[in-house]
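Notes to accompany the following structure.
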Protein chains: 2
Amino acid sequence: MKKKITMKEIARELDVSISTVSKALNNSPEISQDTIDKVQAFAKFYNYKPNNIALSLKNKKTKNIAVIIPEIVHHFFTLIISGIEQKANELGYNVIVCLSNESFAKEVINLETMASGSIDGFLLSLSKETMAKKDFHHLREVINQGMPLVMFDRVSDEIYCDKVIIDDARASYNTVKHLIYSGCQRIALLTTPDYVSVGKLRTLGYKNALKDEGIEIDENLIVRVETVEELDGKVKSLFDTEKFDAVFGVNELYAVVAMREAHSRGLIIPQEMSFVGFSDGILSKYAYPSLTTVVQHGFEMGQKAAKMLIDRLESDHTDDSYKMEVIKTSILQRESTKPV
Amino acid sequence: MKKKITMKEIARELDVSISTVSKALNNSPEISQDTIDKVQAFAKFYNYKPNNIALSLKNKKTKNIAVIIPEIVHHFFTLIISGIEQKANELGYNVIVCLSNESFAKEVINLETMASGSIDGFLLSLSKETMAKKDFHHLREVINQGMPLVMFDRVSDEIYCDKVIIDDARASYNTVKHLIYSGCQRIALLTTPDYVSVGKLRTLGYKNALKDEGIEIDENLIVRVETVEELDGKVKSLFDTEKFDAVFGVNELYAVVAMREAHSRGLIIPQEMSFVGFSDGILSKYAYPSLTTVVQHGFEMGQKAAKMLIDRLESDHTDDSYKMEVIKTSILQRESTKPV
DNA sequence: TTGTAAGCGTTATCAC
DNA sequence: GTGATAACGCTTACAA
C-alpha cells in the first residue's frame, strides 16, 4: 500500500527544498530544466497529486459548489443535477449535492455546514416548508458573508440574487390555450397550494388563458393537492362531482394519476377527455397513452444555473446587479391530447 | 456584509492568544470559566464557525464521502442516493455525488480528483463501460492508497472490498417461479448483455427457475437490449416473431415498454399476458395497468452502503476481511400479473 | 537557480 | 490559566 506522497517527501528524497519542488512542479522559469525534469519524473513515478485541501486552504477557494434541492427522487431535479454536474465539471468544479427533503430545518443546516469553508457557492431550490414559512434569513446570511447564491426553479422575490426559472405562467397559459384550441372547454386544474411558487404561477397562467378565451373560471375545477398521499382521493372526488373534458396537471404525476382514473372509468383518451402535464419525464413518456407535456428543459436549467454561479465566482469585480434567466418551455404533443 | 470571522480575529479583539481562543471554544478545563464565557459570547455574537477546510487539513479527514454512480436520472440510483445521504448525514458526513455517465474515463477522473484529499472514502457502482472493459486499475489504486471503497449494486468479484448487493439471481428465480405458478408457461425475458453483472445474474435466475420447473429454455424468448434506443425495435420484433404469455423485464422500463406494445396490440393484461419488472419505481406504480415488480429497496441499500463505509472509516484497526451484504428483495403484486 | 519564511485556520504540545 | 510554537500541505515573496 503506497500512501499518498507529499512535496515534503519529494523534497527530502531529492535533497532540494520544498519550494523548489513546488516551483518545479509548476514549471516555474526560476528553476533549472534539470531540476524540473528530475522533480517531475520523481513525482510522476510516485504518482504525486497535490492535496486539494491544502490548496483550498491556501487559495481560499475549494472548486466545489453545493446544490441544495428539496428531493432527488424526482425526474426534473435529477435532470437539473445532471446539467449542473456536466457544466460544473466542464468548468473544473465538483458538485456536492444536499437534500433538504422539503424541510426548512434541513435546508438551514445544509447551508450552514456547507458555508463553513467546504464550498465556494450555492445553487438552491427552495423547500416547500421554507416557501410556506417565508423565512429566508439563512439565505441572506450566506449572501452577506459574500458567498454567491443562485436560485433555480423554486425561487423567491424576497431574495436578491441570480436566478434561473421557467416562465411558468406563460408555459401554463400556452398549454391551456393549446387545450382550448384542440376543442376542450371545461378544463380541470390539478395544482399545488399557492405557497409553492411554481404552482401559483401555473395556476395564474391557467386562469389568464381561460379569461382571454372568454371561458369562465370555475373554482370547483381547480384542485389543490398538497402531498401525494391525498392525490388519489382528491382526483377521485373531482371525477365524482364535476364534469370536464380535460385535465391539466402542474406536474406529470398529477396528470398521469388523473389519466389512470379516467381510464378505469372507461373514458376514451383523448376523444372524451384530454390530459396534459408539466415536466416531461419518464412517466409522461411511458404512460398509456403517452402524455402530452410541457417540457421544462431541466438539463439546460442546471447548466445555466451552474454557469451563472461559476461566472460570478470567477469574475473579480463584485457586480451588484443580479441576473434572472428564463428557460423557454415547449409543448410536447403526444397521445393524450387531440391535435390542434 | 460581515465576512466570516476567524479565531485570529477573536484573539485580537479580545486580547488573548489564538490558542486560548481555541481552547476556550472547545471548553478546555485549562481555561478559566471567565475567559471561556467571554470568548464564546464573542464568537456567538459574530457567528463564528470553524473553517472546515482548516480542520480537514489538520485532522487529515474531511467528513466527506463520494458516491460515484453511472446515472442519476434513474429511480433506483436516486433512491440509493437518498439512503446514502440520510445515513451519512446522520453520522456527520457530507455526500459528494459524481456521475460517471456510464463512461470508464469519467469514472477514472472522478476517482482521481476525489482521491486527492477531498474525501475520506468512496461508494461506487460500476459504469457499463468499466464492466465491459473489466479494467479496474483505478479502483485498486485508491484501495492501495488506503482509501476505503464500498461497491454497491454493480460490483465486481475482481475487486476485494466491502460490497452491498441485491441477490439478483434469487430474486429473478423467485419472480419467474411466481409467474409460472400464476399459470404462465412461455415467459419472455428482456435483459441486458451479460457484461452487466446484474443483468447476467437475473438471466441466470430466470433460466434456473425454468429448469427447476421443467420448462425448456427457448433462447428466442431471451432478448438482450443494450441501450434504450434499440428497446422499442427489439420488443416489437419479439412480439412479431414469438408466442408467449408473460414478459419479465430486468428493469421496470423494459417491462413497461413491452406492456405498452401488448396494449397496442389489443392484448388483455394480465389474462392474456402477464408482466413483471425489476426495480419498483414510479413507472411501475403509475403504469396502466400498474406493474408487478421486484422491489429492490434502494433506500436501504444506500443506507447500508454508507454505514459500511463510515464504519470502516471510523474503526481504527485495519480489518482486512471484507463484508458483503445482501439486500433482500420482495415481489410487489400489482395489476399486471394474475394472482398465484 | 535555489532556499527561507510567512501564511491559509486550526489544534496539540509544551513552557511559562 | 495562558501563550508560543509547530504542524497539516501548499504557494509565494523575498533572500541568498
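Here is the naming used below: chain letters follow the sequence lines, and residue numbers restart at 1 for every chain. All values reported here derive from a predicted model rather than from experimental measurement.
- Protein chain B contacts DNA chain C over a range whose 5' and 3' limits, counting nucleotides with an atom under 4.0 angstrom from a non-hydrogen atom, are C/dC8 to C/dC14.
- One interatomic measurement links the two molecules: CD of A/E30 to C1' of D/dA13, which rounds to 10 Å at whole-angstrom precision.
- Taking atom NZ of B/K8 as the reference point, atom C1' of D/dG3 lies 16 Å away to the nearest angstrom.
- For the pair B/K58 NZ and D/dT5 C1', the interatomic distance rounds to 11 Å; values are reported in whole Å.
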Test side chain to side chain donor-acceptor pair (under 3.5 Å) on A/E85 and B/N101 and set out the steps.
CA-CA 11 Å; A/E85 228 263 349; B/N101 290 320; 5.1 Å; no
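- Comparing the axis of the opening five pairs of the helix from C/dT1-D/dA16 to C/dC16-D/dG1 with that of the closing five pairs yields an angle of 60°, rounded to 10°.
- Counting any heavy atom pair closer than 4.0 Å across all strands shown, B/S22 reaches a base atom.
- Using a 4.0 Å heavy-atom distance criterion, B/T35 is classed as a sugar-phosphate-only contact.
- A/S116 places none of its side-chain heavy atoms less than 4.5 Å from the side chain of B/P50.
- Protein atom CD1 of B/I18 is 10 Å distant from nucleotide atom P of D/dA4, rounded to whole Å.
- Residue A/K49 qualifies as enclosed at atom NZ: its count of foreign heavy atoms under 6.0 Å is above 12.
- Using a 4.5 Å cut-off on side-chain heavy atoms (C-beta onward), A/Q145 and B/N47 make contact.
- With hydrogens and angles ignored, a donor-acceptor pair closer than 3.5 Å exists between the side chain of B/S19 and the base of D/dG3.
- Annotation: salt bridge (charged side-chain N to carboxylate O under 4.0 Å, His left out) contacts involving residues 22-35 of chain B, sequence neighbours excluded, comprise B/K23-B/E30.
- For A/N59 and A/K23, each mapped to the nucleotide of DNA chain C holding its nearest heavy atom, the one lying further toward the 5' end belongs to A/K23.
- In this structure, A/K61 places its NZ atom 14 Å from P of D/dT11, rounding to the nearest Å.
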B/E90 and B/Q86: CA distance, side-chain angles, deciding distance, side chain to side chain donor-acceptor pair (under 3.5 Å) verdict:
CA-CA 6 Å; B/E90 178 189 322; B/Q86 186 278 320; 3.0 Å; yes
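- Comparing B/I31 and A/A54 along DNA chain D, the residue whose closest nucleotide (by nearest heavy atom) sits nearer the 5' end is B/I31.
- Shown are A/K307, A/M308, A/E300; of these, the side chain to side chain contact (heavy atoms under 4.5 Å, CB included) with A/E325 is made only by A/M308.
- Rounding to the nearest 0.5 angstrom, the gap separating the CD atom in B/E158 from the CZ atom in B/F136 is 5.0 Å.
- In this pair, A/F42 and A/Y46 present their aromatic rings tilted. The plane angle is within the 30 to 60° band.
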